[in-house]
Amino acid sequence: MEGSEKILWVSNEGTEYYRNRAADVSAFKSAKIDAIRKFHSTIPAYKPTPLRSLPRLASLLGVGAIYVKDESHRFGLNSFKGLGASYAIANYLAERLGMDISELPYDVLTSGAIKERLGDVTFTTTSDGNHGRAVAWTARMLGQKAVIYMPKGTSKHRSEAIAALGARVTVRDVNYDESVRLTAREAREKGWVIVQDTAMPGYEDIPLWIMQGYAVMAHEAVEEMRGVGIDRPTHVFIQAGVGALAGMVQAYMSANFEETPPRVLIVEANKADCFYRSALAGDGKPHIVTGDLDTIMAGLGCGEPSPIAFGILRDHSSAFVSCPDYVTARGMRILGRPMGGDPSICSGESGAVTAGLLSFIMQRDYLSDLRKSTQLGSDSVVLLFSTEGDTDPDRYRSIVWDGEFPTFEPV
Ligand SMILES: Cc1ncc(COP(=O)(O)O)c(C=O)c1O
C-alpha cells in the first residue's frame, strides 16, 4: 500500500477507549522496572544513556523544554534494543533453570556451570537490524548460538553488524511480518528459542519481557529529568514499528503518572502506519498494512501491530501520527546539526522521526489543529527518544551531508 506525502494524524482523546483507559499497565510500575534494572546493571557494559536538553531548539519551536534520550550509547550497540533481548533471554533461562532472575546476575548467567546445565541453546528472531543485533550480542555473552532472519531490503551494514557478533544471518525475500511467521515455524521444527518482540497466539511471555526490559530506558529518562528538577514530561513522542517500544513508553507513563499522565503521541512511518490506520478506522480492532513496507525508517517498517501493544496504545495514547520519510530526514539534520549551544545527537532514520515531527507540528500552519488538540505550547516539556544512532552510516551521511530526502511542503 502506498504511503502519503503528507503528515496525517488522528486524535484519540474523544474515544470511549481513551475515556475508559481499560488496558492494564501494571506490569510497568516503577518498582518492577527497578528490579529489572538491577539485572541490567550487572552487565559490565551497562550505564544509563545520556538525556540531552535542547533549550535553543525549544525556544525556536515555542515549547518550554525538549529532552532527548540518546540511545546510540546503549551497550555499545548503537540502539536501545539490548535492554529487551538481554532481559527477556535471561528471564527465559531463569524459568528454564527453575531460578529467579535475581539469582542470575551477569557473572552467574555467563558462568561455565550455568552453560553446562543449559547445554547448547539456539536463539532466533526476525529483525530489521537492531533487535537481531541485540539477540546476537546476548547469545554471544552466554556462549550460545543465534540465527537471525532479516526482511528484504535490509542494509548491508545492518546485516554485517549482526554477523560480526557470530550469528548466522539470512536475508529473506519477504517483508518483516511474513518473515516473523516463517521464523516461528522453523524454530518449532528445530527446537530453537524464538526471541520475538511481537506477540503471537500462545506466545506472549517473551514479548512482554522484552517490553519490560525496554522500560529501563523510560525509567532512566524520568529519573534523569527529576535530577534536574522536572517531575514529569507533559508530552512524550514515541515511534512505533510493531509497537513494543511505544507500548512500553505509554504503559510506563500511564502506570507511574496515574493522576496526570503525559500526553503520548504515537509516530509511524506512512508506509507501515498500522496503528494510525487502526485508530482512523475507530472500530477498536487492529488494521494491518501489507506490501513492501519500504520506508527509510527500517525499524518502523512493520505492518502488523503487536497484540500486547495494541490495546495499551488504543486505550491510553493521545494521538496517532503517520509520517513520510522526509520527516525523519529533517529530524536527523536537526539533531545532528543543532542550534548553537545545543548538543549534537547522532540519530538514525528510526530514531529521529519524532524530532522532525515536533518541528513540523510547531512550525506548520496545516498542523495547527494537531498542535491545539494535543495542547503543545510554551508550557510543554517534551520528551523524545532517539532510539538509534547511525546504524546505516552510508545512508546517514547521504541524508545529513548530501540532503537526501529533502523537506517536502505539501500544498
Ligand atoms: C531504532 C528503532 N526505533 C524504534 C523501533 C520500533 O520498535 P517497535 O518495533 O517495538 O515498535 C525499532 C524497531 O526495530 C528500532 O530499531
Side-chain angles (χ1 to χ4, degrees), residues 28 30 33-55 57 65-88 90 106 129-131 133-135 137-138 141 161 197 210-228 230 232-233 236-241 244-246 248-253 256 262 264 267 299 328 331-332 334-336 338 342-355 358 381-391 393 396:
F28 295 86
S30 70
I33 307 307
D34 221 31
I36 295 171
R37 183 171 49 182
K38 282 208 177 67
F39 163 72
H40 282 133
S41 57
T42 68
I43 300 174
Y46 173 80
K47 61 175 178 353
T49 54
L51 183 73
R52 309 287 189 202
S53 171
L54 279 63
L57 181 65
I66 299 173
Y67 288 93
V68 181
K69 182 82 168 145
D70 182 359
E71 288 295 310
S72 68
H73 295 275
R74 185 69 71 186
F75 293 133
L77 295 174
N78 218 3
S79 92
F80 73 103
K81 290 268 176 174
L83 288 170
S86 62
Y87 173 67
Y106 174 86
N130 293 323
H131 174 62
R133 191 168 172 183
V135 170
W137 171 73
T138 308
M141 279 192 308
D197 44 5
I210 289 175
M211 291 171 72
Q212 288 179 314
Y214 291 165
V216 167
M217 174 176 87
H219 195 54
E220 284 175 5
V222 166
E223 269 188 10
E224 287 164 304
M225 289 180 89
R226 292 213 172 111
V228 292
I230 294 170
R232 62 175 191 110
V236 183
F237 286 42
I238 189 70
Q239 52 276 56
L245 165 75
M248 170 286 285
V249 166
Q250 178 65 73
Y252 185 89
M253 296 297 158
N256 297 299
V264 179
V267 184
T328 198
M332 291 164 72
I334 289 174
L335 294 177
D342 281 355
S344 165
I345 297 168
C346 175
S347 184
E349 299 90 299
S350 298
V353 63
T354 54
L358 177 63
V381 176
V382 183
L383 174 61
L384 312 177
F385 293 90
S386 173
T387 47
E388 69 175 353
D390 55 347
T391 50
Y396 180 84

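Note that the structure is predicted; figures quoted are calculated from it, not measured.
- When every heavy atom of Y252 is checked against every heavy atom of V222, the shortest pair comes out as CE2-CG2, 3.9 Å.
- Relative ring orientation between Y46 and H40 is described as parallel, the plane-to-plane angle staying below 30° on a 0-90° scale split at 30° and 60°.
- Inter-residue side-chain proximity for M141 and I43 is flagged as met; some heavy-atom pair is nearer than 4.5 Å.
- Under the 4.5 Å side-chain criterion, counting only non-hydrogen atoms from C-beta, L335 is not in contact with D70.
- Here the side chains of F75 and L83 are in contact, with some heavy-atom distance below 4.5 Å.
- Between Y214 and K81, the closest side-chain pair of non-hydrogen atoms falls below 4.5 Å.
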Give the intermediate values and the outcome of side-chain hydrogen bond (donor to acceptor under 3.5 Å, both in side chains) for residues E71 and T49. CA-CA 6 Å; E71 288 295 310; T49 54; 2.7 Å; yes

When you look at R133 and E388, which way does the salt bridge (charged side-chain N to carboxylate O under 4.0 Å, His left out) test go after all the steps? CA-CA 12 Å; R133 191 168 172 183; E388 69 175 353; over 6 Å; no

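- Every residue meeting the side-chain contact (heavy atoms from CB on, under 4.5 Å) condition with P262, not counting sequence neighbours, appears here in chain and number order: R232, P233, V236, M253, F257.
- With contacts defined as side-chain heavy-atom distances shorter than 4.5 Å, the pair Q239/S350 does not qualify.
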For the pair F28 and Q212, evaluate side-chain contact (heavy atoms from CB on, under 4.5 Å) and give the outcome as yes or no after the intermediate values. CA-CA 7 Å; F28 295 86; Q212 288 179 314; 4.0 Å; yes

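- When only modelled atom types and interatomic distance are considered, E349 and T328 share no side-chain donor-acceptor pair under 3.5 Å.
- When V382, I345, L384 are each tested for a side-chain contact (heavy atoms from CB on, under 4.5 Å) with L54, only one passes: I345.
- Residues R37 and I33 fail the side-chain proximity criterion, which asks for heavy atoms closer than 4.5 Å.
- Side-chain contact check for L245 versus F385: every heavy-atom pair is 4.5 Å or farther apart.
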